[in-house]
Structures are given as C-alpha cells and as structure tokens.
2 protein chains.
Amino acid sequence: MKKTASTTKSMQRAPTVTDIAAGAGVSRATVSLVLRESPLVHPDTRARVQAELAKQRYVYNRGAANLRRRTSSAVALVINDLSNPFFAEFAAGVDEALGDKGYVTLLGNTSESPLRQDAVLASLMEHTPAGLILSPAEGSDGKRVAQVLGTNLAVLVFNREIKGGEWDYLALDNQRGAELATEHLIAHGHNKIAFFGGHASSSSCRQRRAGFEAAMKRAKLPLRKEWMIETAPNRLDAAANAATLFAQKAQPTAAVCYNDAVALGLMLGLAARGVHPGRDFALTGFDDIPEAALASPPLTTVAVQPRERGRQAAELLLQRLGMQASKPRQIVAAVQLKVRASSPSPT
Amino acid sequence: MKKTASTTKSMQRAPTVTDIAAGAGVSRATVSLVLRESPLVHPDTRARVQAELAKQRYVYNRGAANLRRRTSSAVALVINDLSNPFFAEFAAGVDEALGDKGYVTLLGNTSESPLRQDAVLASLMEHTPAGLILSPAEGSDGKRVAQVLGTNLAVLVFNREIKGGEWDYLALDNQRGAELATEHLIAHGHNKIAFFGGHASSSSCRQRRAGFEAAMKRAKLPLRKEWMIETAPNRLDAAANAATLFAQKAQPTAAVCYNDAVALGLMLGLAARGVHPGRDFALTGFDDIPEAALASPPLTTVAVQPRERGRQAAELLLQRLGMQASKPRQIVAAVQLKVRASSPSPT
DNA sequence: CTGAAAGCGCTTACAG
DNA sequence: CTGAAAGCGCTTACAG
C-alpha cells in the first residue's frame with residue numbers, strides 16, 4: 001500500500017442479497033443459490049427470486065463474493081508499450097479471451113520503464129488478481145519483479161524473456177520466421193542476400209539473425225559481414241541507411257529485413273536511389289503490420305498475429321491457474337510467411 | 001450476473017492484518033491505522049508494525065477495504081477498437097492518469113460491437129467501478145447503455161456522442177480542425193479546394209465537412225458538389241478514388257482530407273497518376289498519426305494528441321466523482337495544425 | 001494512543 | 001429444498 005487511493009462513495013445504496021431476500025420472502029442463502037444457478041432451488045422459488053432481482057435491478061458484487069470465496073476473477077495485464085500497435089493488438093486478444101472466460105482485465109501500461117513497472121505491479125497486486133500476463137519493460141530485473149509478485153501468483157511472460165524469474169514464457173518464433181523469409185528468397189533464386197536493420201544487441205534481432213544465418217548456411221550461401229547491417233528498428237533510420245547495401249563492390253540482390261518498419265523504410269530509401277523495390281531488389285519484412293499489404297509493392301513478410309498471441313497468452317495463463325506448481329513452460333508461437341510482390345526473383 | 005466467472009483458489013494463505021497484529025503484539029485496528037498512515041499511532045508502535053509488515057511480506061487487500069468502506073478504486077475503460085492506434089494511445093493516457101491518482105483500470109474492448117459492449121459493461125459493473133470512461137461502439141443505443149449502467153455511476157463518454165444518455169462528453173474539435181486546415185490552404189493561395197474522403201453519414205466526417213465549408217464560405221470560395229468526395233475512411237479506398245478529383249473539367253489544386261489514412265492513400269493514388277503530392281497538388285490530413293511525419297512528402301495535418309485526450313478524460317471523470325449530481329458537461333478538446341511539406345502553394 | 005466489537009456483501013457448511 | 005450462523009479481510013465508531 002504505497003500511495004493513498006482516492007475513492008468515492010456511491011450516492012445511493014445498491015440493492016444487496018438481503019434486499020432481494022426480503023423482497024422475495026426467502027433467506028439470503030437461497031438468493032445466493034439462485035444467483036449461482038444452483039439446481040437445489042425449487043423452480044417456483046427461483047422464479048420468485050429472479051423476478052425480485054429484475055425488479056430491484058440487482059447488480060452482483062463480485063468483489064464481495066471473491067472475498068468470501070477467496071477467489072479472484074481478475075487477471076492483470078501489464079504491457080510495456082500500449083501505443084505500439086503490436087502490443088495493442090495483443091492486449092485486445094488477451095482481453096477478449098479473458099472476457100470469454102468470465103475474467104476481467106486489470107490493465108497496466110509501463111511505457112518501457114522498469115521503475116514504473118514495479119509501481120504498476122505493486123498496485124495491481126493489491127487487487128488480488130488470479131494471475132498476471134506480463135510483457136516486460138526493457139531492462140526488467142527478474143529478482144525485483146519476483147519480489148513484488150510473490151510466489152503464489154500465476155504468471156505468464158510474453159515476448160521478452162526475464163532472467164531471474166521462474167515463469168511460463170510465450171515467445172515468438174523469431175528464428176524460424178527469419179529462416180522462412182530467407183528460404184523464400186533463396187528459392188526464388190537469390191544467393192546474395194543481406195540482413196538489414198535492427199540492433200544486434202536486442203534478443204529478437206539476434207534470434208532473427210540466427211535464423212537468417214542458419215538458412216544461408218544450409219544453402220551453402222556466403223555470409224558477408226558487410227551484408228549484416230544495423231539500423232535503429234524504425235523506418236527513418238532504415239531509409240537513411242539504404243545506401244549501405246551498395247557501398248561494397250559485391251552487392252546483394254535481396255535483403256531479409258529485421259521488421260516491417262525497417263523494410264518499408266528501406267523501400268523508400270531504395271526508391272530515392274532509383275532502385276525499384278520488388279523489381280530491381282527483393283526484400284522481406286517481419287510482423288505483417290497493416291501497412292505491409294498496402295505498401296507499393298506489397299511487402300512479403302512474416303505474420304506473427306498479435307491478437308492470436310493475446311488469446312493464446314490468456315489461455316496459457318488460465319491453464320496455469322488450474323495446475324499444481326510445476327516447471328515453467330516455454331511456448332514458442334508459430335509464425336507464418338506471407339508472400340507478396342516485394343520479393344521476386346533476381347533480375 | 002450473466003456468465004459464471006471461473007475462479008481460482010490461492011495456494012497458500014497470504015498474511016492479513018490479523019497476522020500482522022499478532023506478530024507485532026497490537027490490535028488489528030492499530031495495524032489498519034498504520035496502513036493508512038494515520039498520525040494517531042505512536043511512532044514506536046508504527047515502526048514495530050511496519051517491520052512486521054515487511055517481515056511477513058504483507059500485501060494490502062484493497063478489495064476488502066473497499067467493501068468495508070463502500071468505496072471503489074477502480075475505473076472501467078471501455079474502448080471500441082483497441083487495435084486502432086488512436087484509441088490505444090488514448091487508453092495509455094487514461095491508464096497513466098488513473099494510475100497516478102491511485103486508481104486501477106478495468107479494461108474492456110468491444111470491437112465496435114454494441115452487443116459485446118452490453119456484455120462488457122455488465123461484466124465490469126459487477127466489479128463496482130467508481131466510474132466509467134466509454135468510447136462507444138458505433139451504433140450504441142443510449143437507452144440500453146443507461147439501463148446497464150444504472151444512475152449512480154460517474155460516466156464520461158469520449159469521441160462519439162451517444163444519444164439517449166445524460167453523461168459528460170469529451171469530443172474532438174473536428175470542425176475547428178478542418179477549418180484550420182482549409183484556412184491554411186487558402187492562405188497559401190489555393191482557391192479550388194476539395195474535401196476528400198470519409199463517409200458523410202459519420203458524425204466526425206459531418207463535423208469536418210462543416211468546418212471546411214465554413215472556412216470556404218468565409219473566404220467566398222466556391223463549394224462544388226463534385227469536390228465533396230466520399231470514400232471509406234481508409235488508405236485503400238482513398239487511393240482507388242484519387243481519379244475522382246480530376247474527373248471534371250474544373251479541377252481542384254488542393255484537398256482537405258478526412259483523415260491521415262485517407263490522405264496517405266490519396267498520395268499513393270496521385271503518384272500512380274503521375275501527380276506529385278506536395279508539388280503538383282496540396283493536401284492535408286487529420287489525426288497526425290506517426291506515419292504522417294514520415295510520408296514523402298511529410299503530411300500537413302491536424303494533431304489531436306490522443307494520449308493527452310486520455311489523460312484529460314481521466315481527469316474529467318475523477319472531477320465528476322467529487323461532484324454532486326449536476327448537468328452533464330460537454331468538453332471539446334482543442335486540436336492543432338501541423339504544417340509540413342504536403343501543402344505548398346499552387347503551381 | 002490502543003483495543004473489542006460490529007459490519008461491508010457475499011458464500012458455505014450445517015441443521016432441519 | 002430453505003434458513004440461521006459464521007466468516008472472507010478490512011475499517012470504523014466507541015470506550016478507555
């Protein structure tokens with residue numbers, strides 16, 4: 001209990017089971033049984049109670065019920081960057097799946113700040129969630145997080161591993177996605193392929209590079225240092241670095257891009273140099289953001305389906321709620337290549 | 001209480017005020033006073049209790065406290081389309097501001113379905129929120145919504161008016177935004193200006209058209225039916241309809257677009273016809289999505305700052321919590337023109 | 001300054 | 001099938 005929560009009194013007492021019981025001429029226990037659709041109640045009694053419920057516009061107080069039953073119908077969802085459409089979609093998927101199962105979502109956005117994450121988690125814990133889905137802020141400290149969460153909470157970590165915690169983990173298959181993209185370009189006859197964009201220090205970039213390199217090695221194609229190009233993972237920096245691809249005498253004919261933003265930026269950069277993407281140069285993205293299909297030419301990319309991942313995360317967490325304590329699970333979500341016009345055969 | 005909420009028992013009892021009281025050798029009341037930082041407790045006692053709190057890793061149960069105090073520290077946030085970055089930003093702003101005030105956000109996403117909205121609202125009501133921020137699904141029925149919310153809840157409606165309810169309402173200044181854009185084009189010497197995109201049946205499109213028409217009339221410029229062009233409010237349909245602008249003998253030299261998506265689509269459509277946007281033709285957008293600044297040329301547009309709007313919505317709602325019942329308020333959020341390269345003088 | 005008792009709105013054995 | 005009683009974890013008068 002760090003900061004004092006401001007609160008507010010309701011202006012007018014809402015009806016309770018006691019009011020309904022009085023109105024229907026039964027005991028509170030009977031009302032409770034009707035509310036939870038117990039078959040023990042006589043149909044006539046049930047009808048009478050239900051009429052009274054409707055008449056008084058009764059609203060169930062799940063908090064009170066949870067307190068008495070020592071249960072929870074809330075799940076905390078803590079997101080590192082809700083303004084990123086990828087995570088917003090993920091959140092929508094989580095909320096959808098939780099709602100279907102009768103849970104409510106307690107939202108927390110951390111804006112990539114581990115400090116804020118600590119505060120958000122502590123605050124949410126006071127609302128006794130049944131579990132937590134956490135897409136960690138960059139630089140999260142597993143020990144600290146474990147400390148505020150305690151040991152009794154079901155937790156699912158998404159997207160970024162946290163070292164120092166023992167939690168279920170849902171990851172994207174970054175390596176496989178990059179392999180699929182690389183194999184696709186190879187199958188179309190490319191053999192001079194670059195890996196373009198991203199910071200090699202990030203785990204997702206490392207995994208995607210690993211997939212690229214694995215596919216290239218399997219095909220016995222050359223891996224050249226000059227063709228492994230780092231940029232910030234956004235459109236702007238990608239556009240600015242397009243020229244790097246052609247700085248050497250040996251020039252690639254295709255590039256596997258770190259993600260769609262980078263790929264779209266590269267397309268702009270190529271166009272500015274008079275190179276037509278999808279005609280003079282082939283490239284692939286990663287993510288399948290809505291824009292990818294609308295670019296010209298439409299971008300071949302790896303779809304990760306964030307909303308589906310959200311649903312999956314919710315399901316994994318709810319499974320965990322029913323389980324005895326056991327080893328943390330590692331689930332790697334399948335990804336899928338979407339072939340579009342940006343990746344033709346070499347000219 | 002429609003569907004049965006699945007629930008889960010915690011595996012191991014968490015310490016309560018009783019445990020702390022026993023450990024520290026005081027009464028539960030004293031522990032409670034320490035928790036709420038009452039000055040009535042002797043410093044020595046307080047220290048003893050706080051040590052015990054830390055030792056037992058006590059976590060405050062806000063739900064129990066809220067039950068006893070008949071208060072709530074939760075606010076429901078119901079969003080029509082979380083996968084739209086505009087609303088995701090808005091949600092992030094709401095969550096941020098609520099968190100700062102000690103409230104937790106109960107999230108619900110309706111995917112633009114009034115049916116789902118009813119279900120989501122009913123479910124959230126069972127968690128006794130102190131208030132609700134609602135960005136309504138298209139086609140929401142005010143009567144129905146009012147029915148599930150009851151009369152005792154503080155409500156703030158965002159972005160789309162709901163007829164049939166008496167709630168505070170935060171709107172964007174669509175009309176003023178379109179006026180600003182239109183005046184900007186006029187100031188740059190354009191006098192043949194089209195309004196491009198959106199469905200005239202939507203309230204936001206109507207308001208933006210009204211602003212456009214007002215500015216044109218003030219400048220005594222011609223309003224032509226053929227220059228009021230409807231499209232779906234997305235990039236694809238906008239691109240497909242670019243030719244419509246030049247179908248008549250009288251051709252506009254500029255367009256105020258319904259929103260950024262439409263403007264970016266129009267830019268593609270123009271380019272495909274060999275018309276260079278920002279050189280041969282001037283246009284403006286609405287929203288200032290991140291892409292607007294990155295387009296080539298960068299798009300002049302009207303910034304609505306969704307995250308700020310989220311913070312504002314949270315503040316307005318919290319104000320309402322402290323107020324006696326009174327007339328609903330209508331707040332119109334200011335918007336702001338961002339001039340970029342897409343809107344030069346006519347050639 | 002501290003403690004004993006009652007109660008928030010529910011549910012759960014236990015009788016009958 | 002229904003009711004009286006106890007209790008979930010907290011807070012709030014009320015004594016002392």
Exercise. Between B:Asp44 (CG) and C:dC1 (P), how many Å, whole number?
Worked result: 11 Å
Exercise. With nearest nucleotides of DNA chain C determined for B:Pro43 and A:Ala64 from heavy-atom distances, which residue corresponds to the more 5′ nucleotide?
Worked result: B:Pro43
Seminar exercise, completed: Looking only at D:dT12, D:dG3, C:dT2, the nucleotide nearest the B:His42 side chain is C:dT2
Exercise. For D:dG9, does OP1 or OP2 lie under 4.0 Å from any side-chain N or O of B:Thr16?
Worked result: no
For this session: Would you mind reporting whether B:Leu153 and B:Met125 have side-chain heavy atoms less than 4.5 Å apart?
Result: yes
Seminar exercise, completed: Testing C:dT2, D:dG7, D:dG3 for proximity to the side chain of A:Arg68, the answer is D:dG7
Exercise. Contact class for B:Thr45 (heavy atom, under 4.0 Å): base, sugar-phosphate, or nothing?
Worked result: sugar-phosphate
Exercise. When you check the side-chain N and O atoms of A:Ser113 and A:Thr110, is any donor under 3.5 Å from an acceptor?
Worked result: no
Exercise. What's the closest nucleotide to the A:Tyr60 side chain, out of C:dT2, C:dA4, C:dT11?
Worked result: C:dT11
Exercise. Does A:Thr30 make a side-chain N or O approach to OP1 or OP2 of D:dG3 shorter than 4.0 Å?
Worked result: yes
Exercise. Looking for any heavy atom pair under 4.0 Å, which part of the strands does B:Ala65 touch: base, sugar-phosphate only, or nothing?
Worked result: sugar-phosphate
For this session: Please report, rounded to the nearest Å, how far the C1' atom of C:dT2 is from the CG atom of B:Leu35.
Result: 15 Å
Problem set entry | Identity of whatever pairs with C:dA4 - Watson-Crick or G-U, under 3.5 angstrom | none
Exercise. If you check every side-chain atom of B:Arg70, which of C:dT11, D:dG9, C:dC8 has the closest atom?
Worked result: C:dC8
Problem set entry | Any donor-acceptor N or O pair under 3.5 Å, side chains A:Arg320, A:Ser326 | yes
For this session: Check whether the side chains of A:Thr105 and A:Asp95 place a donor and an acceptor atom closer than 3.5 Å, and report yes or no.
Result: yes
For this session: May I ask you to evaluate whether B:Arg36 reaches the phosphate of D:dT12, defined as a side-chain N or O under 4.0 Å from OP1 or OP2?
Result: yes
Exercise. Can you check the B:Arg13 CZ to D:dC8 P distance for me, whole Å?
Worked result: 8 Å
Seminar exercise, completed: To the nearest angstrom, the CG-P distance between A:Asn61 and C:dG7 comes to 18 Å
For this session: For the residue pair A:Asn66 and A:Ser73, confirm or rule out a side-chain donor-acceptor distance under 3.5 Å.
Result: yes
Exercise. What's the CG-P distance between B:Leu33 and C:dT2, to the nearest Å?
Worked result: 9 Å
For this session: From the options D:dG9, C:dT11, D:dT2, select the nucleotide whose nearest atom is closest to the side chain of A:Leu40.
Result: D:dT2
Exercise. Is there a Watson-Crick or G-U wobble partner for C:dA13 with both distances under 3.5 Å, and if so, which one is it?
Worked result: none
Problem set entry | Separation of C:dG9 P from B:His127 NE2 (nearest whole Å) | 17 Å
Exercise. If you pin A:Leu67 and B:Arg46 to their nearest nucleotides in DNA chain C, which one's is more 5'?
Worked result: B:Arg46
Exercise. CZ of A:Arg69 versus P of C:dA13: gap in Å, rounded?
Worked result: 11 Å
Exercise. Do the side chains of B:Asp100 and B:Arg311 get nearer than 4.5 Å, heavy atoms only?
Worked result: yes
